[in-house]
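Below is one structure, written out as structure tokens, with a few remarks after it.
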Amino acid sequence: MYTGGEDGTVRVWDLRSPGCQREYGSRAAVNTVVLHPNQGELISGDQTGHIRVWDLTANACSCELVPEVGTAVRSLTVALDGSMVVAANNHGTCYVWRMLRGTSLTTHFEPLHKLRAHQGYILKCLISPDVQQLATTSSDKTVKLWNLDGFGLERTLTGHSRWVWDCVFSVDGAYLVTASSDATARLWDLASGEAIRTYSGHHKATVCCALNDSAIDGRDADS
């Protein structure tokens, strides 16, 4: 297990043992941490705009990127095939890098695209499981879907009345669940762009969400 905190550290935990196993200092509040699919690197983004790659074998920072000095990195997402990473910041911009493996085990980052995605903060960015789309959620109350082959805007999902904090794709990439400060979560059919279900019940902001695909149509996962 891994965590990032406002104390400026990234920590690695072994659930079988008590206490923190490793600690890495980011020198600023850590807003987001993701695990590379190779299972050997963590990537963190912090409040001062620094992105750091933590090599779990070398137990050290192997790479540092600063797309916009002083602009907080709010969210990071890594493609499941390890081909690219996207960082989203408080200026509404996504930075995309192609991830390459050199002669060593360390990942190298090749700038691929700069995407001006929203006028407000981007609160979450997420690459779809099939690595075909990028979803971005924002303080502008919208969710946008971008094609990763050319980075064109495919669809804007509207319906939330306040900030949209989080999103998660279904495994097949056909659906998206979002969470918003309007105290609802919504399930979107991405083919039509329509919200097919709205989940109400929280009395304050809904800020995170997770999805069990079997819950979409009520079928048991083994059926």
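Only this structure's heavy atoms are used, side chains among them; waters, hydrogens and symmetry mates stay out. All residue numbers in this chain count up from 1 along the given sequence.
- Summarising the geometry of Ser26 relative to Asp46, their closest heavy-atom pair is OG-OD2, 3.0 Å, with the distance given to 0.1 Å.
- Within a 6.0 Å radius of NE2 in His113, more than 12 heavy atoms belonging to other residues, nucleotides or ligands are found.
- In this structure, the side chain of Asn147 does not engage the main chain of Gly150 through any donor-acceptor pair within 3.5 Å.
- For the side-chain contact (heavy atoms from CB on, under 4.5 Å) test, residues two or more places apart in sequence or in another chain that qualify with Asp140 are His118, Ser138, Thr142.
- Within the structure, salt bridge (Lys or Arg N to Asp or Glu O under 4.0 Å) pairs that include any residue of residues 27-39 do not occur (at least two apart or interchain).
- Contacts of Arg98 classified as side-chain hydrogen bond (donor to acceptor under 3.5 Å, both in side chains), with partners at least two apart in sequence or in another chain: Glu110.
- For the residue pair Asp81 and Ser83, the shortest heavy atom distance occurs at OD1-OG, 2.7 Å.
- The hydrophobic clustering, which links ILVMFWY residues whose side-chain heavy atoms are closer than 4.5 Å, places Val12 and Leu35 together.
- Listed here is the closest heavy atom pair of Glu41 and Ser62: OE2-OG, 4.1 Å.
- Of the inter-residue distances, the one linking Leu80 atom CG with Asp130 atom CG reads 9.5 Å to the nearest 0.5 angstrom.
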Check your understanding: Which is it for Met99 and Val78 under the side-chain contact (heavy atoms from CB on, under 4.5 Å) test, yes or no, and what are the steps along the way?
Key -> CA-CA 9 Å; Met99 295 198 294; Val78 179; 3.3 Å; yes
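- Residues satisfying the side-chain hydrogen bond (donor to acceptor under 3.5 Å, both in side chains) test with Thr3, not counting sequence neighbours, are Trp13.
- Between the CD atom in Glu68 and the NZ atom in Lys114 there is a gap of 5.5 Å [rounded to 0.5 Å].
- When atom types are taken as modelled, the side chain of Arg155 and the backbone of Ala191 share a donor-acceptor pair closer than 3.5 angstrom.
- Hydrophobic cluster membership differs between Leu100 and Phe109, with clusters built from Ile, Leu, Val, Met, Phe, Trp and Tyr side chains linked at under 4.5 angstrom.
- Under the 3.5 Å distance criterion, the side-chain polar atoms of Ser75 are matched with a main-chain donor or acceptor of Cys125.
- Summarising the geometry of Ala87 relative to Leu76, their closest heavy-atom pair is CB-CD2, 3.5 Å, with the distance given to 0.1 Å.
- When the side-chain hydrogen bond (donor to acceptor under 3.5 Å, both in side chains) test is applied to Asn31, the partners found at least two apart in sequence or on another chain are Gln47.
- Considering only residues two or more places apart in sequence or on other chains, Gln21 meets the side-chain contact (heavy atoms from CB on, under 4.5 Å) condition with Asp14, Ser17.
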Exercise for review: Take Thr77 and Val34 through the side-chain contact (heavy atoms from CB on, under 4.5 Å) test and state the conclusion after the steps.
Suggested key: CA-CA 7 Å; Thr77 180; Val34 292; 5.7 Å; no
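- Residue Ile51 holds its CD1 atom at 10.0 Å from CD of Glu64, rounded to the nearest 0.5 Å.
- Counting non-hydrogen atoms of other residues, nucleotides and ligands closer than 6.0 Å to CD of Glu6 gives a total of 12 or fewer.
- Under the side-chain hydrogen bond (donor to acceptor under 3.5 Å, both in side chains) criterion, Asp166 pairs with Lys124, sequence neighbours left out.
- Judged as a salt bridge (Lys or Arg N to Asp or Glu O under 4.0 Å), not a single pair has a partner in residues 84-97 (not counting sequence neighbours).
- Minimum heavy-atom separation, Ser139 to Leu123: N-CD1, 4.0 Å.
- For the pairing with Trp165, the side chain to side chain contact (heavy atoms under 4.5 Å, CB included) check across Cys208, Ser180, Cys209, Ser181 returns one residue only, Ser181.
- Legend: residues meeting ring pair (Phe, Tyr, Trp, His ring centres under 6.0 Å) with Tyr121, ordered by chain and number and at least two apart, are Trp163.
- Alongside Leu190, the hydrophobic cluster contains Leu126, Val143, Leu145, Leu157, Val164, Phe169, Leu176, Trp188 (criterion: ILVMFWY side chains under 4.5 Å).
- Atom CG of residue Asp149 and atom CD of residue Gln132 lie 7.5 Å apart, to the nearest 0.5 angstrom.
- Looking at Arg22, its side chain does come within 3.5 Å of a backbone N or O of Leu56 through a donor-acceptor pair.
- Criterion: ILVMFWY side-chain heavy atoms under 4.5 Å apart, direct or through other members. Under it, Leu65 and Leu42 are not part of a common hydrophobic cluster.
- At distances below 3.5 Å, not a single donor-acceptor pair connects side-chain atoms of Arg162 with backbone N or O atoms of Ala183.
- Taking CZ of Arg186 as the start and OG1 of Thr198 as the end, the distance is 4.0 Å to the nearest 0.5 Å.
- Pairs passing the ring pair (Phe, Tyr, Trp, His ring centres under 6.0 Å) check and including a residue from residues 33-59, sequence neighbours excluded, read Tyr24-Trp54.
- Asn59 CG: more than 12 foreign heavy atoms inside a 6.0 Å radius.
- The two atoms that bring Cys94 and Thr136 nearest to each other are SG-CG2, 3.8 Å, heavy atoms only.
- In this structure, Leu115 belongs to a hydrophobic cluster whose other members, linked by side-chain heavy atoms under 4.5 Å apart, are Met84, Val86, Val96, Leu112, Ile127, Val131, Leu134, Trp146, Leu148, Phe151, Leu153.
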Exercise for review: Could you please spell out the steps behind the side-chain contact (heavy atoms from CB on, under 4.5 Å) verdict for Tyr95 and Val73?
Suggested key: CA-CA 10 Å; Tyr95 289 86; Val73 175; over 6 Å; no
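- Residues Thr107 and Asn38 are in side-chain contact: their nearest non-hydrogen atoms beyond the backbone lie under 4.5 Å apart.
- Annotation: the span from Arg74 atom CZ to Asn89 atom CG amounts to 10.0 Å, rounded to 0.5 Å.
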